[in-house]
A.B. asks: 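What follows is a structure written as structure tokens; I'll ask about it next.
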Amino acid sequence: MDISLQQVGYLYAKDSPFEKRALQDVTATIPSGSYTSIIGHTGSGKSTLLLHLNGLLKPSEGIVKVGDTTITAQTKGKQLKNVRHKVGIVFQFPEHQLFEETVEKDIMFGPINFGVPKEIARDRAHELVKLLGLPEEVLQKSPFELSGGQMRRVAIAGVLAFKPSVLVLDEPTAGLDPRGRKEIMELFHRLHEEENLTTILVTHSMEDAARYSDRIVVMHEGTSVMEGTPEEIFSQEEQLHSYRLGIPRSVRFQHRMEKLTGRKLGRLAVTEELLAQELAAVIQGKGERPC
Ligand code: ADP
């Protein structure tokens, strides 16, 4: 499902003394099946943008298109129901929204509320627990007996239970230890590939943006200012710096090494794996050129 934003603006508390502009002239395209990262400094409008993708907010100006649905300031709530089904959002600390007595009931809650028969919702909960790498026993446990990482997986299962075709992730690894972070990011990567989920990730990690996404949108002071592949985005270090953003560690290493040796690698090594490949090519006498 393609998503596009055309000159989107958003004002919180519009026409009140507390009016606050959060988005201005945001134009971006998120192709069906892509993995897009949205990066930007705190307050640049990333979360406000995400809320537009499933109709939780309507633009004050401009147009948001989600598949066949066009959302403008005039769109009525009822017309957004379909979009809410199709676009699942995993908010920061999603486990704070768990509330049922058992994991099974928690995962079943959303679909049942939307009219899915109980038995189908239960089968789906069992499939999802397996898909997310949790032992089957957790289904009858209270979500609050689980570890932090397991609780987060259950909350993610609750979003996947709607069978979304687009998954929106707002800093989904916040508060997890490095191992838990990697596991959750790998899990989303697998879901993206195996379930063909269009994935949109808001992240502060330039490494994650470079490793997992095929497109990056850069936000700055409420506006989309850059859009491209990780290689295109991270080759513009100075511009990123002016938006108070950095580059992945592997690119920093590459730049330092190129300065020291006076030789350039064949391509921008946006991940550690690419850096290793490029260095291997140099050792084998290939892929390097003078600066
Ligand atoms: P980010 O996710 O990049 O940190 P946000 O979308 O949260 O950015 O915020 C964009 C701007 O909108 C900021 O200036 C923020 O203070 C403001 N803002 C966010 N939420 C609200 C709100 N509920 N009411 C008023 N202003 C808000």
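Ligands are counted one by one from 1 in listed order, and the atoms in each one are counted from 1 as well. Since this is a predicted model, take the numbers as computed values, not measurements. The basis for the numbers below is simple: all heavy atoms, side chains too, and nothing from hydrogens, waters or symmetry mates.
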A.B. asks: Only pairs under 3.5 Å count here: list side-chain donor-acceptor contacts from residues 106-115, not counting sequence neighbours, and write none if there are none.
C.D. replies:
from   : atom 1 : to     : atom 2 : distance (Å)
Asp106 : OD2    : Phe99  : N      : 2.9
Asp106 : OD2    : Glu100 : N      : 2.9

A.B. asks: Should Arg21 and Glu61 count as an ion pair when the cut-off is N to O under 4.0 Å?
C.D. replies: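 Between Glu61 and Arg21 there is a salt bridge, with a charged N closer than 4.0 Å to a carboxylate O.
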
A.B. asks: Who are the ring pair (Phe, Tyr, Trp, His ring centres under 6.0 Å) partners of Tyr12, not counting sequence neighbours?
C.D. replies: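 For Tyr12 the ring pair (Phe, Tyr, Trp, His ring centres under 6.0 Å) partners, ignoring immediate neighbours, are Tyr10.
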
A.B. asks: Any salt bridge between Glu183 and Arg179, counting N to O under 4.0 Å?
C.D. replies: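 Yes, this pair counts.
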
A.B. asks: Spell out, as yes or no, whether a donor-acceptor pair under 3.5 Å connects the side chain of Gln236 to the backbone of Glu232.
C.D. replies: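 Yes, because the side chain of Gln236 sits within donor-acceptor range (under 3.5 Å) of the backbone of Glu232.
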
A.B. asks: Taking non-hydrogen atoms within less than 4.0 Å of ligand 1, which protein residues qualify?
C.D. replies: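 These residues qualify: Tyr12, Lys20, Ala22, His41, Thr42, Gly43, Ser44, Gly45, Lys46, Ser47, Thr48.
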
A.B. asks: Show which side-chain atoms of residues 120-130 pair as donor or acceptor with protein atoms under 3.5 Å away, not counting sequence neighbours.
C.D. replies:
from   : atom 1 : to     : atom 2 : distance (Å)
Arg122 : NH1    : Glu119 : OE2    : 2.9
Arg124 : NH1    : Ala161 : O      : 2.5
His126 : NE2    : Glu104 : OE2    : 2.8

